[in-house]
Amino acid sequence: MNYLDTLNEPQLNAVKNVDGPIMVIAGAGSGKTRVLTYKIAYLMEQGVDSFNILSLTFTNKAAKEMKGRISEIVGGGEARNVTSGTFHSVFSRILRHHAEKLGYPQNFTIYDTQDSRSLLKTIIKELKLDDKVYKPNGVQSRISSAKNNLLTPAAYQANSDIVNEDRQSGKPRMFEIYKQYEKRCFLAGAMDFDDLLFKTNILFRDHPDVLHFYQHRFKYILVDEYQDTNYSQYLIVKKLAAVFQNICVVGDDAQSIYSFRGANIQNILNFKNDYPDYKLYKLEQNYRSSKTIVNAANDVIANNTEQIQKDVWTDNEVGEKIRVVRTLTDNEEGKVTINNIYETKINNQAEHSDFAILYRTNAQSRSFEESLRKMGLPYKIYGGLSFYQRAEIKNILAYYRLTANPQDEEALKRIINYPKRGIGKTSMEKIAIAADHYNNTTTDDVSLWDVIANPKMYPCQIPIGTRTKLNAFVTMMQSFMIDLEKKDAYDLAQHIASSSGILRDLYSDKTPEGVSRYENIQALLSGIKEFTEGVAEDESSFLADFMMDVALLTDADSKDDDKDHITLMTIHASKGLEFKYVYVVGLEENLFPSQMALNSREELEEERRLFYVAVTRAESNCTLSYATSRYRWGNLITSEPSRFIEEIGSKHLVLAKTTFKGGGRSLNQKSMERKIGGTQSGLPKRTLTKLTDTPKKVKGDTSHNLQDLKVGYNVKHERFGKGKVVGLEGSPISKATVFFPKVGNKQLLLKFAKLEIIG
DNA sequence: CTTGCAATGACTGAT
DNA sequence: TCATTGCAAG
């Protein structure tokens, strides 16, 4: 039982109290994952059957890692019987099991955001509504929040508040779109992300036997990141826990950052109402970060009004101050950041994986990526366009989807003319009209596929030439469908890829992009091969099994290619992670906090929590940076530093020199500085008032006298010793290649490497 | 039906 | 800036 000895008192209490409702409020870096992991291990040691444990985590990767650690503690293969994963993945599996009870096919498709937006666009067009008024994005989030609050289209229409809101915002027909969207999803045998939770609630509501079964199956329920659950998730958990009430939720109200997805802090605050005899444990000791970082983060979060009282502290050393870096443009921010990473890595002999660059929006990754590429440093960008969202991958997956579920309308639309087979817009419109017609005039549920596959039953006005092409497509798809449960996933996937013509189509494209698309398909196929080989003997390895949770996979879940790389991601994606050196970039008003969040206190406080999350990712060093101007939609806009920087006590901050002088840009920078009206160094006035005790750095310029460097000069480096210049780059010179007898050729950035000319 | 070009509007965040 | 959409010509 030595693993329990590593816990502090509140952690130990949270682990050892297993019965009844428990809430753990866990400050950043306070070891909550450890508590959850050990708690499950402890439960198993106490004789609880692992089949009776349900653990809901924020990513599937976290679930996998937890299982691994539990296995190490309890040994044997028992840990794999714990049901664990994200809400979406756990309940999509349960839904598959009972799909027919809800009228869905077992192989129902999961529509991702793109699919459902595309369907919404179609519907808006069909209803002859103006898509400038009914913006697909806005409609989508409206419907999403309705679903997250468990409002069916009928309930939506019956709710006068909501209907009034829609009317006042000039969108009185919103409920029709919702109704139609719901109908079309059902016809297509498809659920969107919100449906996975919504339909689970419906399943439990309408089928008490099913609910009863899972209530008794999951005697112990653990929920991580509870502050980010929405009403729909809250209700699922509440229903499941109703019998045994062995529910343990872990969260931190200060890290609630998903309200845009319907997350509701009230779930934490309401816990005591639902379970009056609950036990509360607070984990307040931070084991992750330096005192400086913990205290700075506390300074920031103190500006929020609504929070659960807690006092996060640490025994770790004070550590270094948080560096504040000001640059003139977003591009310069990229260069300065990457150069600092490069320098820090060498000075501290750190790994690339010790570094993370965190930003507010995905679009900010560009300038960092460019600099990283120029410097030849290994990096990985998480989020943004993930592998499974690339067009070529979505296309081939659409073939697989349609094979597993012919009703899938979005999949059909995607591939009916890919690769090109002469079935264009006009034909598709005719088919859609026909399907709609037969839906209204017969009692059948008629999908697009039904129309093209049964021309005798559902005739439509299509010229004979096109008809022939359609028939060929139908015959091909049907042959895939026959193979669905005959061939294993890899064989069928490979077969479809080649006989659909996709591989040929991509192979013929010899542009770099085309080659990379072809490689992506190959990568997908080898992923499927791996899946096929990795399936346990008692499980099936059909293509439909592989497809089951592809839609739910994210970059965070993709297995680490255990390559040593610098991490770039949004702050949202960084939740739960930690890095030695963290760079929080783009700290500018209207960017972070986001412009969209400035209208209400609630939204601003969420931005602040987001900043809190960002800072608390750091273990030993944290750097905050901002640019005084940045490109947005192609034109330069000026910006001022984020209010969040000011909220950190100045004693925790230090202004970094911004001495970047690369690539002959000094002149440009100077003139821009004049134009923008920034001060010569340090922060603009507003911030200076708070930073008066920070010593102003005089612009040091070590590279100045090095401009006379010539190839062949002898130089001295503080670590590598004497060497000879063999190459120079940049004008003015920014980079030198120097041969050192001790270590060989080294590329040095003049502004960092303190070179001394010795003749 | 396909291709190519011009015009347009999007950048929060993500299961 | 970049990806998507609309329109005209082949």
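Below, each value reflects all heavy atoms present in this structure, side chains not excepted, and no hydrogens, waters or symmetry copies. Given the structure is predicted, the values throughout are model-derived calculations rather than measurements. To find a chain, count down the sequence lines: A is the first, B the second, and so on, and within it residues start at 1.
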When you get a sec, tell me which of [options] is the closest nucleotide to the side chain of [X]?
| X | options | value |
| --- | --- | --- |
| A:A363 | B:dC1, B:dC11, B:dG9 | B:dC11 |
| A:N417 | B:dT2, B:dA14, B:dA10 | B:dT2 |
| A:K420 | B:dT3, B:dC1, B:dA14 | B:dT3 |
| A:A573 | B:dA14, B:dG13, B:dT15 | B:dA14 |
| A:N137 | B:dC1, B:dA10, B:dC11 | B:dC11 |
| A:T86 | B:dT15, B:dA14, B:dG9 | B:dT15 |
| A:K132 | B:dG9, B:dA14, B:dC1 | B:dG9 |

Whole-Å distance between [N] [atom2] and [X] [atom1]?
| X | N | atom1 | atom2 | result |
| --- | --- | --- | --- | --- |
| A:I381 | B:dA14 | CD1 | P | 13 Å |
| A:Y231 | B:dT15 | OH | P | 25 Å |
| A:L56 | B:dT15 | CG | C1' | 13 Å |
| A:Q595 | B:dA10 | CD | P | 14 Å |
| A:K61 | B:dA14 | NZ | C1' | 17 Å |
| A:Q389 | B:dT15 | CD | C1' | 11 Å |
| A:I416 | B:dT2 | CD1 | P | 12 Å |
| A:Q140 | B:dT15 | CD | P | 14 Å |

If you look at every strand shown and take non-hydrogen atoms under 4.0 Å, does [X] touch a base, only sugar-phosphate, or nothing?
| X | value |
| --- | --- |
| A:N362 | sugar-phosphate |
| A:F592 | nothing |
| A:S89 | nothing |
| A:D112 | nothing |

What pairs meet the salt bridge (Lys or Arg N to Asp or Glu O under 4.0 Å) rule with one or both residues in residues 125-144 of chain A, with sequence neighbours excluded?
A:E126-A:R184, A:R142-A:E165, A:R142-A:D166

For A:T426 and B:dC1, is the shortest distance between a side-chain N/O and OP1 or OP2 below 4.0 Å?
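Indeed, a polar side-chain atom of A:T426 lies that close.
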
Between A:T570 and B:dA14, is there a contact of a side-chain N or O with OP1 or OP2 at under 4.0 Å?
yes

Mind checking whether A:F260 and A:Y258 have parallel, tilted or perpendicular rings, split at 30° and 60°?
tilted

Check the orientation of A:F473 and A:Y399. Use parallel for under 30°, tilted for 30 to 60°, and perpendicular for over 60°.
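Answer is perpendicular, since the angle exceeds 60°.
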
Do the charged groups of A:E370 and A:R373 touch, with an N to O distance under 4.0 Å?
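Salt bridge absent between A:E370 and A:R373.
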
Show each protein N/O and nucleotides 1-6 of chain C N/O combination with a separation under 3.5 Å, one pair to a line.
unit_1: C:dT5; atom_1: OP1; unit_2: A:K121; atom_2: NZ; d: 3.4

Stepwise side-chain contact (heavy atoms from CB on, under 4.5 Å) check, A:T200 with A:I94:
CA-CA 8 Å; A:T200 301; A:I94 289 181; 5.6 Å; no

List the residues meeting side-chain hydrogen bond (donor to acceptor under 3.5 Å, both in side chains) with A:S145, not counting sequence neighbours, and say none if there are none.
none

As a test of understanding, state which of A:E333, A:E332, A:E588 forms a side-chain hydrogen bond (donor to acceptor under 3.5 Å, both in side chains) with A:S625.
A:E333

Residues, nucleotides or ligands: over 12 heavy atoms within 6.0 Å of A:Y507 OH
no

Taking for A:G424 and for A:H572 the nucleotide of DNA chain B with the nearest heavy atom, the one nearer the 5' end belongs to A:G424

